[in-house]
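Here the structure is a predicted model, which is why all the values come from computation and not from measurement. Here is how names work: the chains are called A, B, and so on, in the same order as the sequence lines, proteins then strands, and each is numbered from 1.
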There are 2 protein chains.
Amino acid sequence: MSLPHALLTSLLERPSSGYDLARRFDSSIGYYWRASHQQIYRELARMEDAGWISSDEVAEHARKRIHRCLPAGEAELRRWAATGDPIPAQRDPLLIRLRAEAAIGGLGLESQVAQRLAEHESRLTAYRAIEARDFAGDLDRRGRVQYAILRAGIMTEESWIEWCQMALATLPDPTDADA
Amino acid sequence: MSLPHALLTSLLERPSSGYDLARRFDSSIGYYWRASHQQIYRELARMEDAGWISSDEVAEHARKRIHRCLPAGEAELRRWAATGDPIPAQRDPLLIRLRAEAAIGGLGLESQVAQRLAEHESRLTAYRAIEARDFAGDLDRRGRVQYAILRAGIMTEESWIEWCQMALATLPDPTDADA
DNA sequence: CAACCCATGTAAAAAGTTACATGATTAA
DNA sequence: TTAATCATGTAACTTTTTACATGGGTTG
């Protein structure tokens, strides 16, 4: 499981409330790891039990708690970082639909591919904006590593955009042309 | 959930035993949907309860059962194909490790990226062999749709190969140069 | 006759999703 | 004062993974 280590990394970057972490998993971190607030709160509780993080109440707030990564948490993160995992499995229902289209035909998938194309283009635009804002000039090593993460996202979106365009050219059935 | 529909598609292509389906999910189908044999057998039982598939014993074999997609199964597949889903969430622990490297450094991720590069190159080679064998000449519509699925795999591997090479150039820390 | 592949399952644990629930703070 | 956002959780359910388990057939 990688969620606790994603959270440890986020807390090392900045001590945060669970709510704040959930928002970050909806935006930047969310590109390569998704987590709902329910998962996050449960995991924060486990990590505090394990002694990896601490949490402090915020005086002005009734409920808000700020979580921090402790040395034991950083040690765990270093231990985990040295372990390997296989390439994560792809699970893409659109490709199942395409395979079904090849098998039985007549599924009318063009609109789904077109919608997918629009979403990838929208994501790419967002990534390009981050790139221009944060990674335009000279970068130190930390900046270069952060930029490498963003470039994984940019390359993914560019690939899928190209693929969707190719698929849109492939899908139309000539025999339907003047139906 | 898309597993039952992936299975229906596979059974439309060819009536099969659960074991055979499991092997196909380890190879070709496995590129875009993973499933263990335990999942597959459970799902086959559910689908038979739902009346989507039938199963026949094989006379020569003690246990082997061949499953077939019934008309109700194909109808369900058509219904499902028209529904949409959001872009599947990415979950890549390697990118978490990279983010941790940006935060605390000294994690020595080069070997993991190098290993990943080798795996992507190996997959690409396998896909290129399928491409040369099955999609070299003129294709009918079915062949073009099948080829589109394969090209999604090829593009993914090519992107990651390029990314890994870029990451390997980024990761080395100059201050460690002559340690 | 041993090792390997074919073939099908059960059980338990972990992870992820969805629905439900509450209450404080802030801005219009 | 009402709606949106901040903030934290519980409960039930579904899905996925891992471990365990069995036994027939084939090949060297």
Side-chain angles (χ1 to χ4, degrees), chain A residues 1-7 10-11 14-27 29-30 32-50 53 55-67 80 83 85-93 96, chain B residues 1-7 10-11 14-27 29-30 32-50 53 55-67 80 83 85-93 96:
Chain A
M1 229 252 291
S2 306
L3 175 58
H5 305 97
L7 291 169
S10 292
L11 293 177
R14 177 156 35 94
S16 313
S17 68
Y19 184 86
D20 187 29
L21 288 166
R23 273 190 319 181
R24 285 151 77 188
F25 273 79
D26 262 349
S27 53
I29 308 170
Y32 52 87
W33 205 273
R34 286 262 148 209
S36 64
H37 80 270
Q38 293 90 336
Q39 273 179 287
I40 289 168
Y41 284 117
R42 179 154 43 88
E43 205 56 47
L44 286 171
R46 285 181 191 163
M47 288 160 72
E48 194 166 358
D49 284 347
I53 62 172
S55 70
D56 298 297
E57 292 171 16
V58 176
E60 296 80 32
H61 268 80
R63 305 162 73 94
K64 189 173 180 177
R65 302 184 69 81
I66 299 293
H67 304 268
W80 172 81
T83 67
D85 9 55
I87 299 178
Q90 306 273 355
R91 286 204 162 113
D92 193 335
I96 295 180
Chain B
M1 232 251 292
S2 306
L3 176 56
H5 306 96
L7 291 169
S10 293
L11 292 178
R14 174 155 38 93
S16 314
S17 68
Y19 184 85
D20 187 29
L21 288 166
R23 273 190 320 181
R24 286 152 75 189
F25 273 80
D26 260 352
S27 54
I29 309 169
Y32 52 87
W33 204 272
R34 285 264 149 209
S36 64
H37 79 271
Q38 293 91 337
Q39 273 180 286
I40 289 168
Y41 285 117
R42 178 158 43 84
E43 207 53 54
L44 286 172
R46 284 182 191 165
M47 289 160 69
E48 195 165 358
D49 284 347
I53 61 172
S55 70
D56 299 297
E57 292 172 18
V58 175
E60 297 79 32
H61 268 80
R63 305 160 74 93
K64 189 172 180 176
R65 302 184 70 81
I66 299 292
H67 304 269
W80 171 81
T83 66
D85 9 55
I87 300 178
Q90 306 273 353
R91 286 204 161 112
D92 194 335
I96 296 180

> Heavy-atom distance under 4.5 Å between the side chains of A/W33 and B/P93, does that happen here?
Replying inline: yes
Here the distance between atom C1' of C/dA24 and atom CZ of A/R65, to the nearest Å, is 16 Å
Considering only heavy side-chain atoms of A/R91, the closest of C/dG9, D/dT16, C/dG16 is D/dT16
Rounded to whole Å, CD of B/Q39 lies from C1' of C/dA12 at a distance of 15 Å
Picking from C/dA11, D/dT8, C/dA7, the nucleotide nearest the side-chain atoms of B/R63 would be C/dA7
To the nearest angstrom, the CZ-P distance between B/R46 and D/dT14 comes to 8 Å
Q.
Measuring to OP1 and OP2 of C/dC6, would you say a side-chain N or O of B/R23 lies under 4.0 angstrom away?
A. yes
Quick note, B/Y19 side chain, CB onward, closest among C/dC20, C/dC5, D/dA7 is C/dC5
*asked:* Quick check: do B/P88 and A/R91 have side-chain heavy atoms less than 4.5 Å from each other?
replied: no
From CD1 of B/I40 across to P of C/dC6 the rounded distance in Å is 14 Å
A/H37 atom NE2 is separated from C/dA19 atom C1', nearest whole Å, by 11 Å
Checklist entry - Between B/R42 and B/R46, is any pair of side-chain heavy atoms under 4.5 Å apart? => result yes
Between CE of B/M1 and C1' of C/dT17 the distance, given in whole Å, is 13 Å
| query | Contact class for B/R42 vs. all strands (heavy atom < 4.0 Å): base, sugar-phosphate, or nothing? | reply | base
From NZ of B/K64 across to C1' of D/dT26 the rounded distance in Å is 14 Å
On DNA chain C, more 5' by nearest nucleotide between A/Q38 and B/I66 is B/I66
Heavy-atom nearest pair, A/R24 first then A/S16, reads NH1-OG, 2.6 Å
inquiry  = Please determine whether a side-chain nitrogen of the Lys or Arg among A/R23 and A/D20 lies less than 4.0 Å from a carboxylate oxygen of the Asp or Glu.
reply    = yes
Is any side-chain N or O of A/Y41 closer than 4.0 Å to OP1 or OP2 of D/dG9?
no
A/E43 atom CD is separated from D/dT8 atom P, nearest whole Å, by 16 Å
For this session: Would you indicate what B/S36 reaches in the nucleic acid, counting non-hydrogen atoms under 4.0 angstrom: base, sugar-phosphate, or nothing?
Result: base
